[in-house]
Structure formats: structure tokens, C-alpha cells
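If you read the sequence from its start, that first residue is 1, and numbering goes on from there.
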Amino acid sequence: MAKRSNPAVRIAQESAHNALFDADGKPKPGVHNMLLKAVEIQRPLVLAYIRRLQRKHPKATAAQLADILERNYLRAVTGGGAVVGATAVVPGVGTVASLGLSAAATVGFLEATALYATSLAELHGIRLTNPEKASTMVMAIMLGEEGTALLGTLSGQAAAGGGVGATKHWGNVLSKSLPMPGFSSIRNRIQKAFLKNLLKRQGTALFGRALPFGIGAVVGGAGNLVMGRAVVANAKEAFGPMPDTLPGELRAAGGPDNQLEGNTLGSQR
């Protein structure tokens, strides 16, 4: 007896596609803007996050803080994907509504990735004061070798060789506050590749999170974990070994004069 297809799965797939693409199969402008906005992050938020971790772990080295960043990041993106996937089980949460939550989970994944990547950059002494340069680095990290190679061309040195030398070179270039020749062109190339790759990967993940009957909880969490681990591997490859000591600005961060204002970041575990 032939196995009957589940109409809810077909509806979820069609809804996911229609939410991201127009009738010609091209991504909708709003989708691009949403994804690009999600990787933007301000440096004060990054420093506040690192300093909070330092207060919880006052004797932690740069390498130990990097390990904590990694654990927090993977926990955040995996939990977020699973929680959103589980909403498809709840009576009254239809496929279209679930898809809206899935889009929110995609934004959450990118925001967590931006915080992780820029925090790791700070531990390596790369001070990203310009949000546009910071988001470009985040997109490049998500692209992996292709992205970091493009960053290397900013200063005329290909990053294909990898290692600390190449990282310091493009890291120092991004840290400069002055405009740099060719940055807009490189950013546009990285942005185009980033959107193409992300929509390809997240299109499947978005559909997976909208699956009914509890399957979405498994697919959403597992999919985010795979992508999160890829980001961690890309970041380690791009930045190279951790420095032996913390950058000067972070070494003085644990004292009583560096208390956070408010509770912008929420609970960090």
C-alpha cells in the first residue's frame, strides 16, 4: 500500500518558499534587509558581554573565555532552534504562524553569531568600532575560506595562507577608523555571497522548523547545531591560535569601575 503524503508538510514547504521568494523565485527585498540587519552589532554590547563573563570567571585566560563564548553560542542557537520547532505541536499554532516564528529564529541565529564572532575578535585584539566593518567580518566568518580570502584582499594580501599573520593583517585593516580604498566593493561581494549561501541553507532549516507533530523540534535544533559548529570552525580557522594574554582594554575590565548599566543582555548562563 502506497504511503500517503502528509498535506501539512506540503503546506509548510510552500509557505516557507512564499515567505522568502517572489513569484520569479527571487528573494524578497524585505528578506535581504532583515538578514543584513541581524548581523549588525555595536561594540559596546560586545564589550559588555565579555566583561560580564570576566566578572563570572575573573581568572579566565583568553583561551578559556573563548571556550565559554563557544559553549554559550552553541547552547543559544541550538536551544532557539528547538524551541521554535516545538511550537508546531501546540494546538492553534498553524503552519503559517509557525513559519513566522521560524523567521524570527533565523534572525536570532544571526544575532547570536554576530555576538560570538565579534566577541572572539575582541579577544584577539581586533577592535571593531565601525558596525559596518563588524557586520562584514561576521558575514565573512559565516562564509568561511571564501569570505576571509576576500577580507585579505582589502590590504593586498591574500588570506589563503591562513594563520596568525593573515588574520592580524585583515584584522588591523578592519580596526582602522579611517575609510579604506576598496572596502565597499569587497563588502558588496561578501554580502552577495553571504545572502546567497544563507538563503540556500536557511530555506531548508526554515522549512524544517515548520514541520508538524514534534519533528520540527528535532530538525530545528539539529540544523542550528550543524550551522553553529560550522561558524565556530570558520572562526577558529580565520583568527588562528588564541593570544597568551588578553588585550589591554579587556585586562582592566574586571574591576568595580566597569559595572554594566542596566541589563541589556539578559541572563547569561
### Task
Report the distance from atom CD1 of Ile68 to atom NZ of Lys56, rounding to the nearest 0.5 Å.
8.5 Å

### Message
Measuring from atom CD of Glu111 to atom CD1 of Ile41, what distance do you get when rounded to the nearest 0.5 angstrom?
### Response
8.5 Å

### Message
Measuring only between side-chain heavy atoms, which start at C-beta, is Asp67 closer than 4.5 Å to Arg71?
### Response
yes

### Task
For the residue pair Met242 and Thr61, establish whether any side-chain heavy-atom pair is separated by less than 4.5 Å.
no

#### Entry: Aromatic ring pairing Tyr116/Tyr73, orientation class (parallel under 30°, perpendicular over 60°, tilted between)
parallel

### Query
Does Ile50 reach the side chain of Leu250, with side-chain heavy atoms less than 4.5 Å apart?
yes

### Task
With rounding to the nearest 0.5 Å, note down the distance linking NE2 in His57 to CG in Leu53.
6.0 Å

#### Entry: Inter-residue atom distance Ile190.CD1 - Thr136.OG1, 0.5 Å rounding
6.0 Å

### Query
Got a second to check how far Leu151's CG is from Arg187's CZ, nearest 0.5 Å?
11.0 Å

### Query
If you measure from CZ on Arg189 to CG on Leu143, what distance do you get to the nearest 0.5 Å?
11.5 Å

### Summary
Between Arg229 and the options Val77, Thr78, Leu74, the side chain to side chain contact (heavy atoms under 4.5 Å, CB included) test singles out Leu74

### Query
Do the non-hydrogen side-chain atoms of Leu47 and Glu122 ever get within less than 4.5 Å of each other?
yes

### Query
Do Thr129 and Arg43 have side-chain atoms, one donor and one acceptor, less than 3.5 Å apart?
no

